[in-house]
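Single-structure report; data block below.
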Amino acid sequence: CIDASYVLSRPAWSLVQRILEIGNLHMQLSAAIAAALEAEAVGRSLLQQALCEALREQLRDYYAMLALLMAKATEAAEGQEMTLRRLWTWLQAPLERMLLLVALAGSCRPLRGGALASAVYGCSR
């Protein structure tokens, strides 16, 4: 819970909003993977299964990066503090990757077979 009496400056608020966006994208990607796996029970293609596994692997990489950030935050008492700007610097590349993965998951949701392969190839260009 955030103390209501604490007021952020406009630049800090903007930075917090950008940082929080990655959490929203994580929820969207997790939901897309879960929906694809539920639909898989109905009979999804092998390409759809492979895409879901690749997306899950990307989420595992994201979790590893979060673990590293948590370790850095606990080390902050010994040296440099983890500021919002440092956190934003660490999260920029994962945020871009999450944006791409969410777009990919959304565009590939109804596709199967060759259409799915074409969509994945199109997103890679």
- Message: Between S30 and M27 (side chain of the first, backbone of the second, donor and acceptor by atom type, cut-off under 3.5 Å), is there such a pair?
- Response: no
- Message: Grouping I, L, V, M, F, W and Y whenever their side-chain heavy atoms are under 4.5 Å apart, do L99 and I19 come out in a common cluster?
- Response: yes
- Item | Pairwise distance CG(N24) to CG(L29) - rounded to 0.5 angstrom | 11.5 Å
- Note on the structure: All heavy atoms of L47 vs all of G113, minimum pair found to be CD1-O, 3.1 Å
- Transitively linked via ILVMFWY side-chain contacts under 4.5 Å: M70 with L20? no
- Task: Find out if a path of hydrophobic residues (ILVMFWY) with successive side-chain heavy-atom gaps under 4.5 Å connects L100 to V120.
- Result: no
- Message: Between E53 and R56 (salt bridge meaning N to carboxylate O under 4.0 Å), is one present in this structure?
- Response: yes
- Going from CG on L25 to CZ on R97, what distance comes out if it is rounded to the nearest 0.5 angstrom? 13.0 Å
- Message: As an exercise, state the distance from CG of L104 to CD of Q58, rounded to the nearest 0.5 Å.
- Response: 10.0 Å
- Message: Restricting to non-hydrogen atoms, name the atom on L116 and the atom on Q48 that form the minimum distance, rounded to 0.1 Å.
- Response: CD2-N, 3.4 Å
- Item | Stepwise side-chain contact (heavy atoms from CB on, under 4.5 Å) check, L95 with Q92 | CA-CA 5 Å; L95 176 66; Q92 283 180 343; 5.7 Å; no
- Can I33 and L59 be said to form a side-chain contact (heavy atoms from CB on, under 4.5 Å), step by step? CA-CA 10 Å; I33 292 171; L59 283 180; 3.6 Å; yes
- Task: Let me see the working for Y63 and H26 under side-chain contact (heavy atoms from CB on, under 4.5 Å), right down to the final yes or no.
- Result: CA-CA 10 Å; Y63 298 144; H26 172 266; 2.8 Å; yes
- Query: How many angstroms lie between atom NZ of K72 and atom CH2 of W90, to the nearest 0.5 angstrom?
  - Reply: 4.5 Å
- Task: Please test L91 against L87 for side-chain contact (heavy atoms from CB on, under 4.5 Å), starting from the C-alpha separation and ending with a verdict.
- Result: CA-CA 6 Å; L91 291 177; L87 182 60; 3.8 Å; yes
- Message: Using a 6.0 Å cut-off, check whether atom CZ of R10 has over 12 heavy atoms from anything other than its own residue.
- Response: no
- Message: Please say yes or no: joined through hydrophobic side-chain contacts below 4.5 Å, possibly via intermediate residues, are L55 and Y121 part of one cluster?
- Response: no
- Query: Are there more than 12 heavy atoms of other residues, nucleotides or ligands under 6.0 Å from atom CZ of R18?
  - Reply: yes
- Flag yes if more than 12 heavy atoms outside W88 fall under 6.0 Å of its CH2 atom; otherwise flag no. yes
- Message: Hydrophobic clustering (ILVMFWY, side-chain heavy atoms < 4.5 Å, transitive) - are L68 and L66 grouped together?
- Response: yes
